[in-house]
Number of protein chains: 2
Amino acid sequence: MTSPAVSTRDLPHPARDEIRLEGVLHALSDPMRLRIVRELAAVSGELTCSHFDLPVTKSTTTHHFRVLREAGVVQQIYRGTAKMNGLRRDDLDGLFPGLLDALLDAAARQAVRLGSA
Amino acid sequence: MTSPAVSTRDLPHPARDEIRLEGVLHALSDPMRLRIVRELAAVSGELTCSHFDLPVTKSTTTHHFRVLREAGVVQQIYRGTAKMNGLRRDDLDGLFPGLLDALLDAAARQAVRLGSA
DNA sequence: CGGCTCGTACGATAGGCATCGTAGTACGTA
DNA sequence: TACGTACTACGATGCCTATCGTACGAGCCG
């Protein structure tokens, strides 16, 4: 090896300029993925895949994370056996200022509206 | 007839409380529908279905308008043979403040980024 | 080394959906 | 009434996708 990479495996991410609004909206139109993004935004850091306790199998969870990554919503890197996930907030805010916050706020409002008394 | 309705045909719309964020995002994740919404926002009024010159057949156009209506994004009423379409801006702004503007701004920025020099 | 955990890959399946074409309905007008 | 316009309904088609199960690979630990 010539470079001390974090891991031997690396994952394809779209460049900032390749991120499409339609793709982002489609990625966020799935309840599971919207939930993942909300949790990531709440901690404003990185989380492992296994941190999320979703009501689907691990195969499906992997699929959702890939959709989010390929849409440019999250960034993923391997760290040992774990895979860390983080929101691409800088890129999204740069491309679509205010959009992510508006989406998160909308999701939070809907959660309050539907989930509580 | 007991009521002077605008038309004999009426179209089912979701009530404001029934509008779901995921549905709105899904509706807007299609390029055709995003384009329709952008045009509606630009005129801030009502437009007929036939006003839109989309690169799809009229069947498909009807389908897209129905998706937008059932998601709660647009409101439709018959006026004679024409069907008028308008954004449900008040309802969307009430449920998700700032979201629609952020989405329209994001779409405009992407259009500039992709479409012009 | 042996096993354990985390995550992936692949195939299958079932459902959704964007698109089309054709046939039909509602409304206005000559 | 007869015709034209605006939109709809329905069926077909092909693609995408959310889900699962099983088998596998990569890295840690005893």
Side-chain angles (χ1 to χ4, degrees), chain A residues 1 4-13 20 22-37 39-40 46-71 73-86, chain B residues 1 4-13 20 22-37 39-40 46-71 73-86:
Chain A
M1 305 81 157
V6 183
S7 168
T8 55
R9 298 172 284 177
D10 48 324
L11 299 156
H13 289 75
R20 290 287 175 279
E22 298 90 327
V24 173
L25 297 183
H26 173 251
L28 266 43
S29 69
D30 182 279
M32 292 298 161
R33 294 194 289 259
L34 185 57
R35 177 168 159 179
I36 290 171
V37 169
E39 285 196 48
L40 282 176
E46 292 186 327
L47 292 176
T48 64
C49 285
S50 57
H51 168 270
F52 297 87
D53 189 25
L54 302 174
V56 291
T57 64
K58 286 210 282 190
S59 301
T60 306
T61 303
T62 296
H63 161 71
H64 284 311
F65 273 107
R66 178 167 40 188
V67 172
L68 286 171
R69 172 168 46 85
E70 291 176 348
V73 178
V74 306
Q75 108 204 73
Q76 302 185 293
I77 60 167
Y78 286 103
R79 193 159 319 184
T81 62
K83 189 161 75 167
M84 306 305 294
N85 301 274
Chain B
M1 307 84 160
V6 182
S7 168
T8 53
R9 296 171 287 176
D10 47 324
L11 300 156
H13 288 75
R20 291 287 175 279
E22 297 91 325
V24 172
L25 296 183
H26 173 252
L28 265 43
S29 69
D30 182 279
M32 292 297 162
R33 294 195 289 260
L34 186 57
R35 177 167 159 179
I36 290 171
V37 169
E39 285 196 48
L40 282 175
E46 292 184 327
L47 291 176
T48 63
C49 285
S50 57
H51 167 270
F52 295 88
D53 189 24
L54 302 173
V56 292
T57 64
K58 286 215 276 191
S59 299
T60 306
T61 302
T62 297
H63 162 71
H64 284 312
F65 274 108
R66 177 168 41 187
V67 172
L68 286 170
R69 171 169 46 86
E70 291 176 347
V73 178
V74 305
Q75 119 205 57
Q76 301 186 292
I77 60 168
Y78 285 104
R79 193 159 319 179
T81 61
K83 188 161 76 166
M84 307 304 295
N85 301 273

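Throughout, protein chains are lettered first and strands after them, A, B, ... in sequence-line order, and every chain is numbered starting at 1. For clarity, every value in this text was computed on a predicted model and none was experimentally measured.
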Closer than 4.0 Å, any side-chain N/O of A/Ser50 to the OP1 or OP2 of C/dG7?
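Yes, A/Ser50 has a side-chain N/O under 4.0 Å of OP1/OP2 on C/dG7.
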
Quick one: is D/dT5 close enough that its OP1 or OP2 comes under 4.0 Å of any side-chain N or O from B/Thr81?
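No, B/Thr81 has no side-chain N/O under 4.0 Å of OP1/OP2 on D/dT5.
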
Atom pair distance, as rounded to whole Å: [atom1] in [X] and [atom2] in [N]:
X: B/Leu11; N: D/dA6; atom1: CG; atom2: P; result: 18 Å
X: B/Tyr78; N: D/dA6; atom1: OH; atom2: P; result: 14 Å
X: A/Lys58; N: C/dC6; atom1: NZ; atom2: C1'; result: 5 Å
X: B/Asp53; N: D/dC7; atom1: CG; atom2: P; result: 13 Å
X: B/Leu54; N: D/dA6; atom1: CG; atom2: C1'; result: 15 Å
X: B/Phe65; N: D/dA9; atom1: CZ; atom2: C1'; result: 18 Å
X: B/Leu47; N: D/dA6; atom1: CG; atom2: P; result: 15 Å
X: A/Arg69; N: C/dT8; atom1: CZ; atom2: C1'; result: 11 Å

Salt bridge (Lys or Arg N to Asp or Glu O under 4.0 Å): pairs with one or both residues in residues 47-67 of chain A, sequence neighbours excluded
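For residues 47-67 of chain A: none.
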
Quick tally for nucleotides 13-19 of chain D: nucleotides whose base has a protein heavy atom under 4.0 Å get B, sugar-phosphate-only ones S, the rest -, giving ----SSB

List the residues meeting side-chain contact (heavy atoms from CB on, under 4.5 Å) with [X], not counting sequence neighbours, and say none if there are none.
X: B/Gln76; value: B/Leu11, B/His13, B/Cys49, B/Phe65, B/Arg69, B/Val74, B/Lys83, B/Asn85
X: A/Ser59; value: A/Thr57
X: A/His26; value: A/Ser29, A/Arg33, B/Ser29
X: A/Arg20; value: A/Glu22, B/Gln110, B/Arg113, B/Leu114

What's the verdict on side-chain contact (heavy atoms from CB on, under 4.5 Å) for A/Asp30 and B/Leu25, showing C-alpha distance, side-chain angles and the deciding distance?
CA-CA 9 Å; A/Asp30 182 279; B/Leu25 296 183; over 6 Å; no

